[in-house]
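Worksheet: the structure to be examined is printed underneath.
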Amino acid sequence: MPIETWLIFILSFMIIGSIVALEIKDILSAVIAVGVVGLGVSLSFIFLQAPDLAIVQFLFEIFALIIMVRAFVKKDYHQEEPSKVNKILIGITIITLLAILYFTASILNLLPEFGEPLMNTAQYYLNNGASDTGAANLVTSIILDYRAYDTLGEVTVLFTAILGALTVLRIKSKSHR
Amino acid sequence: MILYLLCFTLMLVGLYGILTKRDLIKIILSASIMGYATNLLLILFAYRNGSIFPILRKGVEIIPMVDPLPQALVLTSIVIELGTTALLVALALKLFQKYKTYDITKIRKLSG
Amino acid sequence: MILPFFIIIPLLTAFLIAIVAGKKDNFANGLSIFSSLLLLLGAIYNFFTQNQEVIVYKIGNWKAPIGINLVQDSLTIFMLIIVGLISLTSLIYSRQYIRHISTNWKYYALFMFLITGMNGVIVTGDLFNLFVFMEIALISAFALVAYGGKAEEFEAAFKYAIMGVVSSTFILVGIAILYSATSTLTLAKIAEQIPNISYKIVYLVGGIFLMGFGLKAAIIPFHTWLPDAHSSAPAPISAMLSGVLIKVLGIYAIIRIFFNVFGAPEFFLNIFMTLGVISILIAGFLAIAQWDMKRLLAYSSISQIGYILLGLGIGSTLGILGAVFHLFNHAIFKSLLFYNAGSVEMTTGTRDLKKMGKLTKLMPVTSKTSMIASLAISGIPPFNGFFSKLIIIIAAIQSGHPFLTALAVIGSIQTLAALLKVQRFGFHSENKTKITKNITSFGMKFAMITLAFLCFAGAIVIIPEIKEVTLDPIVEVINNNSEYMKIVLGR
Amino acid sequence: MDNNSGMTIIVKTITRITVPIIILYGCYIIFHGHLTPGGGFAGGVIIALALLNVMIAFGREFTNNWLNINFLEKLESISATLFLVLGILGFLIGTTFLLNFISKGELFRLLSAGTIPVLNIIIGIKVAMSLFLVVWVLAGLKLDEGESL
């Protein structure tokens with residue numbers, strides 16, 4: 001089977017999975033359904049020849065699942081959503097989103113076809129990456145040499161997010177303020 | 001083309017969740033679905049027919065490889081999303097601690 | 001070549017604070033004030049040595065389309081000066097104000113990350129890098145909004161965080177589509193490729209970017225998070241968010257992408273104009289209706305952002321000049337107003353205008369500076385706000401939009417009404433509080449007086465000789481993207 | 001280790017055997033980041049998951065005694081600083097910020113690619129510490145004891 005068919009299959013599965021995750025009442029099932037969607041992403045990465053990303057996505061998926069389950073499910077507080085959600089609001093949202101999808105569809109046609117990227121800049125990395133940086137893994141050579149500044153930013157984002165989470169969780173509000 | 005569209009649909013499903021759901025956890029889950037869709041879109045743009053992953057191996061001569069740049073970008077974006085999710089979870093837990101509920105319609109100290 | 005130090009200094013400060021600081025915040029405060037002073041001095045040094053040319057810094061010695069480049073032009077320096085100025089006063093102001101909440105070094109570390117993120121967005125010449133540094137600024141802003149530790153602060157932070165995540169995702173999708181169409185991430189290279197790709201793709205990407213950056217700039221209809229986040233945050237953070245953050249992440253990014261990369265298509269200029277006028281009018285009305293002092297100021301921020309957008313949308317040289325000048329002025333007087341609100345809140349313990357009053361005797365510095373800022377923001381001569389609004393209005397007349405002009409004038413009257421409400425109920429009506437002690441410290445007063453002085457001094461920029469060296473080069477950068485493109489790509 | 005917190009003795013024994021192997025594997029992934037798929041991020045998460053495994057199996061109290069949490073926090077900051085310092089060294093030794101200033105070496109060798117393996121190790125430590133810490137703090141939050149409005 002060509003790779004495109006596989007990917008269509010996986011993506012449809014992921015869309016169904018995410019709709020299930022959003023509509024299901026039980027929160028543990030919802031968290032796990034999103035986990036399955038994440039594993040679908042990881043699988044697609046393997047099909048799309050991105051093993052680095054497949055590993056990282058897979059591990060981060062496990063990690064996100066641990067955070068979610070540890071944070072939300074163990075404490076048995078979660079109650080069901082109230083069933084009376086505004087039907088009109090949902091209807092309007094869906095119609096708007098479908099309209100966006102319709103307009104986007106005509107424009108996405110104009111992009112390069114799947115499987116035929118332009119590769120103007122990227123060809124340089126493929127040709128010279130190994131001799132420029134000495135790393136066999138070209139993705140690593142990009143993230144840690146050509147675009148190491150991005151990675152510095154990324155490490156900072158992670159540091160900031162964790163510092164922010166620790167700050168938020170350890171705040172003790174002074175009553176008199 | 002159909003793949004791009006499906007990926008875009010996945011993103012819109014996430015957006016739909018953020019716009020209509022009233023549960024803090026489901027909102028966080030919707031945000032991560034949007035993130036998945038975006039990452040996948042970038043990698044879909046990178047794929048080249050009949051080529052392999054961009055890692056050189058000893059003794060293997062150079063064959064066509066996929067575009068490595070979007071892979072580097074997605075690696076960054078996955079980490080960023082993880083950090084954001086952790087912060088969102090922390091905020092949601094603190095909100096729960098204060099209000100004893102995850103329902104956003106009951107968390108209404110601020111108007112507008 | 002001091003360009004990378006605008007990132008290194010705040011980042012190193014933040015890490016040092018995280019490593020060295022113990023329980024107390026003395027060291028953290030001193031170090032962060034010192035480093036933001038260095039940043040301001042560096043920006044001013046750049047202003048005097050740059051001679052209106054574009055300077056490119058190659059990180060890791062990789063040239064433009066392959067690696068990441070930092071770019072410095074007049075607009076960059078202008079934004080760096082604004083960030084440096086507001087963050088310095090804000091840190092001086094924080095010293096006492098934050099001790100009121102808690103004495104923790106984490107505040108200063110997050111603050112330095114906020115500055116890092118903003119400086120990174122300003123100096124970068126790469127689209128994805130802009131996204132990464134935008135995330136640094138946003139994430140630290142989320143955490144800082146929740147710093148007070150009260151229930152509504154967490155609520156506001158959560159709302160802000162969700163909106164931030166959605167807008168970042170939009171921006172990333174835009175980047176992905178643009179990468180697929182042009183196969184590069186360097187802004188200058190994309191600008192070079194734009195004429196070759198279909199205009200429909202530009203419209204799609206532009207629409208997505210407008211949603212993403214519009215959410216960050218809080219243009220109506222994307223504004224719902226701003227009044228909560230900006231009113232719940234601690235006062236110095238409100239000043240940073242309202243004064244600088246929405247401009248750097250929203251307006252500056254819009255200028256770079258829509259003007260320097262897309263070449264200012266007519267279609268988007270019209271959208272900017274429409275959204276600008278809508279923001280001015282609706283946010284103006286909403287501001288008048290508020291009784292919470294900081295919420296009122298937050299809504300007024302949206303309406304002033306509308307003026308900047310209107311000026312940009314007009315697209316003529318005069319319109320952009322007005323927009324840039326108003327951006328600078330708004331940073332100064334809105335931060336000043338938030339400092340005032342913060343010291344009033346600290347002294348009286350409330351933000352409700354109905355519960356204040358008669359503060360002129362008790363807090364002379366606060367009430368006087370607040371009066372200056374109110375007059376400046378409402379566009380009363382001889383303050384700086386008058387000139388920038390006047391330029392925008394003249395530009396609107398010149399471009400043949402009398403209807404827009406009328407609406408912009410109405411917006412100005414709304415601002416005056418809203419700020420007079422603050423003055424009347426907040427400072428001048430009869431006394432309803434029992435507080436007799438003013439606990440505003442010297443640092444807080446210093447911050448307020450400095451900015452109030454700049455409300456006067458800012459007006460001199462409009463003198464033609466000074467304007468020629470300060471604002472005109474910036475307008476030139478925004479209006480003319482070919483120079484930028486050529487130098488970054490090294491030809 | 002005879003405390004009653006955490007899970008049963010079976011889980012504890014298996015954890016004791018597997019955790020060192022998992023950590024070793026994480027280190028392998030980090031050190032070979034420039035040659036094979038993986039790298040600092042993936043390896044860091046693997047180590048963090050191994051530490052979490054200990055926390056879940058033996059309980060939070062035991063892990064607190066076993067690991068020095070304050071030290072881990074400092075380690076996180078220090079590793080982030082090292083990244084920046086390496087960038088500045090590129091400025092001082094070479095010409096520009098974040099320059100890859102160490103010699104590139106021979107392709108496919110473990111010690112090659114200049115600063116890339118060093119950065120991988122730094123990132124690995126950083127990611128492992130941050131991710132472990134955030135779950136550590138999340139797990140310590142007592143939702144029912146929170147102060148009410």
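Just so it is clear, the model here is predicted, and its values are computed rather than measured. Proteins get letters first, then strands, A, B, ... in listed order; numbering begins at 1 in each.
- When L204(C), V132(C), I68(C) are compared by the number of non-hydrogen pairs under 4.5 Å with chain A, I68(C) comes out ahead.
- Heavy atoms of F142(C) lying under 4.5 Å from chain A are absent altogether.
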* Derivation and outcome, side-chain contact (heavy atoms from CB on, under 4.5 Å), residues I107(A) and Y203(C) -> CA-CA 9 Å; I107(A) 298 176; Y203(C) 281 4; 5.7 Å; no

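- If you measure heavy-atom distances from Y179(C) to chain A, the contacts under 4.5 Å come from the side chain alone.
- For the atom pair CG (N129(C)) and CD (E154(A)), the distance works out to 11.5 Å, reported to the nearest 0.5 Å.
- Contact annotation for I208(C): neither backbone nor side-chain heavy atoms come within less than 4.5 Å of a heavy atom of chain A.
- Neither the backbone nor the side chain of T116(C) comes within contact range of chain A, judged by heavy atoms closer than 4.5 Å.
- Contacts between I197(C) and chain A at a heavy-atom distance below 4.5 Å are absent for every atom of the residue.
- Residues I139(C) and A161(A) come closest through the heavy atom pair CG2-CA, 3.6 Å.
- For the residue pair A143(C) and G164(A), the shortest heavy atom distance occurs at CB-CA, 3.6 Å.
- Using a 4.5 Å cut-off on side-chain heavy atoms (C-beta onward), W62(C) and R147(A) make no contact.
- Nearest heavy-atom pair, L118(A) versus S183(C), reported as atom, atom and distance to 0.1 Å: CB-CB, 3.6 Å.
- For the atom pair CG (N109(A)) and NZ (K200(C)), the distance works out to 9.0 Å, reported to the nearest 0.5 Å.
- Proximity to chain A (any heavy atom under 4.5 Å) is restricted, for A18(C), to the side chain, taken from C-beta onward.
- The shortest non-hydrogen separation linking T156(A) to L11(C) is CG2-CD1, 3.4 Å.
- S180(C) has its side chain out of reach of P117(A): every pair of non-hydrogen atoms, C-beta onward, lies at least 4.5 Å apart.
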* Are N120(A) and T184(C) close enough, and set up right, to give a side-chain contact (heavy atoms from CB on, under 4.5 Å), and what steps lead you there? -> CA-CA 7 Å; N120(A) 290 342; T184(C) 181; over 6 Å; no

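- If you measure heavy-atom distances from D126(C) to chain A, the contacts under 4.5 Å come from the side chain alone.
- Tested against T167(A), the residues L110(C), L144(C), N104(C) include a single side chain to side chain contact (heavy atoms under 4.5 Å, CB included) partner, L110(C).
- In this structure, chain A has a heavy atom under 4.5 Å from the side chain of S198(C), while its backbone stays farther away.
- Looking at L152(A), the atoms closer than 4.5 Å to chain C (heavy atoms on both sides) all sit in the side chain, from C-beta outward.
- At most 12 heavy atoms of other shown residues, nucleotides or ligands fall within 6.0 angstrom of atom CZ in F58(A).
- When heavy atoms are compared at a cutoff of 4.5 Å, F15(C) approaches chain A solely by way of its side chain, counted from C-beta outward.
- Residue contact with chain A, scored on non-hydrogen atoms closer than 4.5 Å, involves the side chain of L185(C) exclusively.
- Across all non-hydrogen atoms, the minimal contact from A181(C) to L111(A) is CB-CD2, 3.9 Å.
- The aromatic ring centres of F133(C) and Y149(A) sit less than 6.0 Å apart.
- When heavy atoms are compared at a cutoff of 4.5 Å, L70(C) approaches chain A solely by way of its side chain, counted from C-beta outward.
- Between K106(C) and L166(A), the shortest heavy-atom contact is CE-CB, 4.3 Å.
- When side chains are defined from C-beta on, Y125(A) counts as touching I66(C), because their heavy atoms get closer than 4.5 Å.
- For the atom pair CD1 of I59(C) and CG of D150(A), the computed distance is 9.0 Å after rounding to the nearest 0.5 Å.
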